[in-house]
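First comes the structure, then the notes that go with it.
Chain letters run A, B, ... following the sequence lines, proteins first and then strands; every chain starts at 1. Model, not experiment: these values are computed from the prediction.
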Amino acid sequence: MKKKIVLGVIGADCHAVGNKVLDFALTEAGFEVVNIGVLSSQEDFINAAIETDASAIIVSSLYGHGEIDCRGLREKCEEAGLKDILLYAGGNLVVGKQDWEPVRKRFQEMGFDRVYPPGTPPEVDIEHLKEDLKI
Amino acid sequence: MKKKIVLGVIGADCHAVGNKVLDFALTEAGFEVVNIGVLSSQEDFINAAIETDASAIIVSSLYGHGEIDCRGLREKCEEAGLKDILLYAGGNLVVGKQDWEPVRKRFQEMGFDRVYPPGTPPEVDIEHLKEDLKI
Amino acid sequence: MELKNKKWTEEEFLKMRKEVLTQWPTGKDVDFKEATDYIKALPEHKNFAKKLRKASQEGITLAQPRAGVALVDEHIKLLSYLEKEGGADLLPNTIDSYTRQNRYHECEVGIKESVKENRSMLNGFPAVNHGVKNCRRVVESVNLPLQARHGTPDSRLLSEIIHAGGWTSNEGGGISYNIPYAKSVSLEKTILDWQYCDRLAGMYEEMGVEINREPFGPLTGTLVPPSISNVVAIVEGLLAAEQGVKNITLGYGQCGNLVQDVAAIRALVEQAGEYFKFYGYNIELTTVFHQWMGGFPADESKAFGVISWGAATAALAGATKVIVKTPHEAVGIPTMEANAQGIKATKQTLNLLKGQRLPMSKELEAEIQLIKAETKCILDKVFEIGKGDLSVGAVKAFQTGIMDIPFAPSNYNAGKILPARDNNGAVRFLEFGNIPMSQEIKDFNRQLLEERANLEGRKVGFQMVVDDIYAVGKGTLVGRPEHK
Amino acid sequence: MELKNKKWTEEEFLKMRKEVLTQWPTGKDVDFKEATDYIKALPEHKNFAKKLRKASQEGITLAQPRAGVALVDEHIKLLSYLEKEGGADLLPNTIDSYTRQNRYHECEVGIKESVKENRSMLNGFPAVNHGVKNCRRVVESVNLPLQARHGTPDSRLLSEIIHAGGWTSNEGGGISYNIPYAKSVSLEKTILDWQYCDRLAGMYEEMGVEINREPFGPLTGTLVPPSISNVVAIVEGLLAAEQGVKNITLGYGQCGNLVQDVAAIRALVEQAGEYFKFYGYNIELTTVFHQWMGGFPADESKAFGVISWGAATAALAGATKVIVKTPHEAVGIPTMEANAQGIKATKQTLNLLKGQRLPMSKELEAEIQLIKAETKCILDKVFEIGKGDLSVGAVKAFQTGIMDIPFAPSNYNAGKILPARDNNGAVRFLEFGNIPMSQEIKDFNRQLLEERANLEGRKVGFQMVVDDIYAVGKGTLVGRPEHK
Ligand code: B12
Ligand code: B12
């Protein structure tokens with residue numbers, strides 16, 4: 001059976017191109033993609049994950065507010081009963097060109113399993129998903 | 001009476017454009033310019049200064065070997081009896097983009113009265129000449 | 001209110017205004033009469049419309065960056081730096097994304113966090129939260145005209161505040177600030193809301209205050225065929241004109257093929273001019289060329305190549321201004337220094353090219369004709385379907401996919417068209433969806449893409465589109481298959 | 001030996017060679033036969049001529065930096081970096097200025113000082129001092145073809161060593177490496193010495209080893225009118241062809257006006273081709289476009305603008321390769337990083353423009369015709385004055401100012417012509433000196449400059465020239481008076 005993945009762009013972020021490309025790439029790679037699109041709230045991600053019984057949530061944030069928008073997502077997942085669901089985040093997560101390590105750390109402390117710097121190609125994501133989901 | 005200035009480009013350096021422009025600007029500013037042109041040796045500078053009884057020697061070096069080419073010029077001037085003749089140097093004096101202060105220091109230690117970083121316009125030169133020659 | 005392409009009555013406007021100015025506490029500081037006096041008292045060189053007029057007369061291209069941070073003092077520092085060190089000709093105030101969604105409470109959080117963290121936690125300047133007085137502080141602290149640049153579907157309050165704040169230009173439009181920027185906001189609503197913004201600009205004009213309006217040309221910034229963006233530009237230009245706007249800058253985002261880009265700007269000026277004239281509007285028309293708006297290379301030297309080529313094209317096209325990218329584009333909001341670097345590379349290029357234009361040629365002529373023909377196919381249908389009312393026509397056109405913007409996030413966009421580059425890098429239609437083009441045009445577009453497919457030894461298809469999306473970021477214009 | 005444009009006999013050559021190879025101890029390591037075997041054994045992708053041929057067939061423009069430091073290991077490190085990080089397509093070995101003056105003793109000093117100071121005290125790679133073996137170490141350490149780039153009036157020994165060292169291209173020529181680079185070396189001597197270098201390349205060709213030769217196009221790099229440099233290029237091309245050179249790259253330094261620059265390259269290819277054909281030489285002709293060779297802006301972002309615009313022009317002109325400047329240009333020999341940055345901005349621009357050409361237009365056609373007509377006026381006279389012998393003609397032409405290069409340091413150059421830009425930035429003749437142009441051409445040049453003078457409210461004169469010399473460094477193309 002295909003693994004289900006919730007995909008979306010969080011917050012007030014309207015960047016749609018990467019989202020469409022990721023959808024295409026993940027689908028090609030054999031996942032069942034539940035794409036909630038841009039401008040999605042934490043609740044939208046969680047509801048989609050519950051409804052579809054997804055194995056992972058992939059959060060994109062391009063526009064710079066990712067840090068504010070992603071806070072508390074892990075906790076809300078737990079509350080909603082999504083125990084140990086995989087959480088990935090990528091895009092242009094913070095405002096400006098910042099050293100990557102501290103950014104990665106901040107997001108991991110927020111509870112993301114994997115965090116990706118700007119311009120990470122979908123292949124990397126797919127490889128890690130396969131690894132983490134043991135496919 | 002017009003002050004005489006020896007102008008030239010030292011060493012194996014063939015950069016002629018700045019030399020021609022400097023000649024034009026110094027002449028316009030009221031100096032009598034003795035332009036020995038490019039590819040001039042230390043001896044060429046000294047001979048011209050002696051022959052014309054010049055008040056200053058302006059050494060250009062653009063091509064990067066200025067440091068090697070200028071060494072000993074002050075001493076040779078002294079030996080030739082050109083006591084206290086003004087020595088200026090400018091152009092692109094050293095190889096590469098280097099911190100300016102150490103370069104200036106090295107050239108002043110060689111006995112240059114004034115040393116100029118890349119791109120110094122002729123006006124600066126002229127002002128200083130007038131100051132130093134009390135015109 | 002029913003959507004119609006008709007100048008709002010004073011009554012309609014004032015009724016709406018009451019509501020608008022209470023959307024956030026800072027709204028109460030807007031006093032229209034006092035604001036017109038304020039703007040009139042500003043020195044001429046701070047008026048956007050006047051500066052554009054002068055540039056247009058002199059035939060030069062002005063450079064404008066994007067820039068905005070959360071806090072007022074920091075923002076002023078940023079703009080002053082771009083003016084002095086960067087040599088910008090026009091200044092922006094890029095508005096943050098929460099403001100764009102009218103989430104002023106979240107802006108407050110962002111402002112507080114920015115103070116606390118001592119770095120901007122917002123991706124722009126929250127003008128509504130800062131209010132009229134602070135907008136004026138900005139205009140008084142710089143020596144150039146100011147514009148608000150955003151992406152706000154409902155920008156009524158924002159527009160009131162920025163104009164009262166002395167900013168004499170406003171970017172946006174009912175289509176261009178909806179379809180690329182929103183997901184579930186109806187087009188009917190955004191066109192109405194932007195009629196409000198246009199009417200506001202029109203009222204300033206009627207009081208003798210020149211206000212420039214600029215529909216957002218590049219849309220999704222990603223492989224938008226010129227005819228698609230020119231249609232939107234002309235529609236928004238006409239809608240603005242009806243509300244009394246007099247000074248309009250129509251925009252276009254660089255595609256990358258020189259001939260196509262120059263043709264797009266020329267076609268836009270000529271065709272928009274014809275439409276304005278036909279419908280009886282007396283408009284002062286200028287143009288803005290956006291340096292490549294899609295994915296950038298992360299390497300800064302490569303980014304400089306992209307930036308400079310955009311500047312060169314803008315000059316050769318004779319655009320009135322160019323919007324400048326920065327060497328940080330691929331990674332994040334630029335530092336003040338990186339932003340100035342982008343402007344400097346741009347200005348150097350513009351200056352080298354001052355007065356130079358791409359001469360007319362067979363190829364340029366043909367491309368202009370093609371873009372105009374494509375544009376007309378769509379516009380004819382929009383007028384037809386709206387039964388003569390352009391605003392209604394636009395709404396219906398998006399419903400039916402007669403107008404359709406590639407890669408747009410909006411649910412109100414059909415999303416059926418697909419663009420791809422031909423062998424010379426010009427953007428063509430791979431899928432037309434419901435875009436009503438003549439068969440001849442369809443065949444021509446197809447033929448060009450088939451030629452590319454042949455050269456690449458593959459089929460015309462979505463992989464080509466994906467490759468083209470990545471291409472500039474990876475250092476080329478056309479996304480060729482890796483091993484070929 | 002008497003100067004004649006005639007292929008040297010084997011006897012003449014071998015006699016001279018004996019002398020040449022003893023000019024410095026490293027000369028004795030040159031073994032022609034062994035060298036041909038060595039080059040033949042090198043992989044194809046390290047042959048300069050072959051790589052140019054491929055690029056020419058594919059219609060792409062290659063990027064080549066300038067680079068050279070005093071010590072072999074450092075030099076290899078530098079070139080490898082430019083290859084890998086920079087993405088260079090062709091590699092140079094810029095030779096230091098002492099070698100260029102055959103002052104090998106001073107090179108020794110420079111090499112020792114460089115070891116001591118742990119930084120390069122020479123402005124290039126002293127190939128003669130390092131000898132054949134070290135040149136081979138370089139070629140074996142990189143994956144691209146190598147060329148010597150210098151400015152050496154007498155480059156006979158250098159040429160022997162670099163070719164035996166496996167470098168398959170040599171830049172220079174009897175005029176282009178004398179007049180801009182020397183003060184008191186007679187043209188007769190340099191033409192003879194370069195006949196030697198050309199004959200050497202010809203002998204390699206006869207042994208089945210392809211060697212590329214590239215006359216130095218930009219001359220003094222400063223406002224050189226295209227016809228002046230095209231004349232030199234064609235003359236040196238013909239002189240090389242006579243000595244048996246088969247693979248020639250003719251060059252041109254960017255002036256800055258797009259139409260003029262593209263016209264210059266097209267005129268050069270067409271006209272040189274006609275001359276080669278007329279005189280019965282079968283030459284494989286390619287072109288090199290030099291990014292702006294005059295004074296650069298010190299600001300690195302601005303330098304990127306200049307670099308990228310040069311790259312764009314090279315692509316639009318369809319040049320086979322482009323010589324790349326760096327963001328450090330105004331200040332000093334670039335670091336390895338700055339050098340790579342210049343290449344990256346260049347390659348990004350070239351890739352965006354791949355396949356794009358400036359379409360033919362009335363303006364381009366007219367400019368091509370003008371350049372060709374000017375070039376022909378001079379060349380006709382050169383042949384006439386040489387009584388059919390081109391080498392003799394060239395010497396006499398310089399004596400009489402029929403050929404004349406602006407701002408050149410050589411005593412053998414009349415130095416009577418002055419160039420200045422017209423209102424569009426194209427370089428025109430302000431003073432013709434003794435350049436034999438038709439009255440029509442003279443009047444046309446004058447008219448264009450008068451137009452500029454009118455616009456600027458001043459007289460045509462030397463101040464205009466000075467302003468133009470500084471202009472690009474100060475951020476513009478045309479040197480307008482400050483207050484206007
Ligand atoms: C096109 C574009 C736009 C278009 C978007 C159109 C649309 N609706 O899609 C427009 C013009 C509308 C736009 C608007 C804005 N933009 Co914008 N935009 C871009 C741009 C140039 C390209 C984005 C793109 O499409 N790339 C191509 C796709 C394929 O790549 P991608 O988006 O990066 O996505 C890939 C990867 O990130 C990765 N990825 C994404 N998510 C995840 C998740 C995981 C787990 C993994 C592994 C990988 C991954 O995979 C994707 C597919 O390959 C980028 C800069 C850039 N990258 O060059 C700026 C950029 C993203 N935008 C930015 C900003 C700030 C804005 C604005 C706020 C306006 C402004 N201030 O200039 C508004 C945002 C409004 C809003 N509410 O969101 C900033 C963000 C800054 C930051 N983070 O510090 C950027 C980086 C530009 C910049 N340097 O300032 N933008
Ligand atoms: C044009 C040029 C050439 C032309 C010169 C033609 C000619 N015969 O004149 C050509 C192509 C032949 C050439 C050759 C070479 N060049 Co060259 N060249 C330049 C370039 C691009 C412009 C120089 C110029 O004409 N500028 C315009 C004039 C008006 O300005 P200027 O020369 O700087 O002179 C002004 C000021 O410096 C000042 N000034 C000069 N002297 C003095 C003295 C005083 C007291 C004062 C106050 C002021 C002052 O006033 C002058 C008038 O305003 C410069 C880089 C640049 N500046 O952008 C490189 C540059 C000078 N060249 C350089 C080099 C290395 C070379 C070569 C060795 C080749 C190479 N490796 O690439 C050869 C040199 C051969 C030789 N034997 O000398 C380097 C020097 C590097 C360094 N110092 O670290 C430079 C800086 C380029 C670089 N960054 O690599 N070059």
Gap separating the [atom1] atom of [X] from the [atom2] atom of [Y], nearest 0.5 angstrom:
| X | Y | atom1 | atom2 | value |
| --- | --- | --- | --- | --- |
| B:His15 | D:Phe407 | NE2 | CZ | 14.5 Å |
| D:Asn123 | B:Asn92 | CG | CG | 11.0 Å |
| D:Lys183 | B:Ser40 | NZ | OG | 3.5 Å |
| D:Glu106 | B:His65 | CD | NE2 | 9.5 Å |
| B:Ile68 | D:Met121 | CD1 | CE | 4.5 Å |
| D:Tyr98 | B:Asp69 | OH | CG | 3.5 Å |

Indicate the atoms forming the closest heavy-atom contact of [X] with [Y], along with that distance.
| X | Y | result |
| --- | --- | --- |
| D:Ala330 | B:Pro118 | O-CB, 4.1 Å |
| D:Tyr181 | B:Cys14 | O-CB, 3.4 Å |
| B:Ala16 | D:Ala408 | CB-C, 4.4 Å |

At a 4.5 Å cut-off on heavy atoms, which part of [X] comes close to chain B: side chain, backbone, both, or neither?
| X | result |
| --- | --- |
| D:Arg119 | side chain |
| D:Ala338 | neither |
| D:Thr335 | neither |
| D:Pro406 | neither |

Validation row: D:Gln463, B:Phe24 side chains within 4.5 angstrom (heavy atoms)
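Counting from C-beta outward, D:Gln463 and B:Phe24 do come under 4.5 Å.
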
Is there side-chain contact between D:Leu122 and B:Val95, with heavy atoms separated by less than 4.5 Å?
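Not in contact.
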
Salt-bridge contact D:Glu117-B:Arg106 (side-chain N to carboxylate O under 4.0 Å)
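B:Arg106 and D:Glu117: not salt-bridged.
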
Taking B:Val9, B:Asn19, B:Val21 one by one, which has the highest count of heavy-atom pairs under 4.5 Å against chain D?
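Answer, by heavy-atom pair count under 4.5 Å with chain D: B:Val21.
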
Who among B:Gly64, B:Gly11, B:Gly18, B:Gly96 has the most heavy-atom pairs with chain D under 4.5 Å?
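When all of B:Gly64, B:Gly11, B:Gly18, B:Gly96 are compared, B:Gly96 has the most.
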
Go through B:Lys20 and D:Ile469 one step at a time and tell me if the side chain to side chain contact (heavy atoms under 4.5 Å, CB included) criterion holds.
CA-CA 11 Å; B:Lys20 286 179 207 274; D:Ile469 288 174; over 6 Å; no

Identify which part of B:Val38 has an atom lying under 4.5 Å from any heavy atom of chain D, answering side chain, backbone, both or neither.
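Contact with chain D: backbone and side chain both.
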
Can you tell me which portion of B:Lys97 sits under 4.5 Å from chain D's heavy atoms? Options are side chain, backbone, both or neither.
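Both parts, backbone and side chain.
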
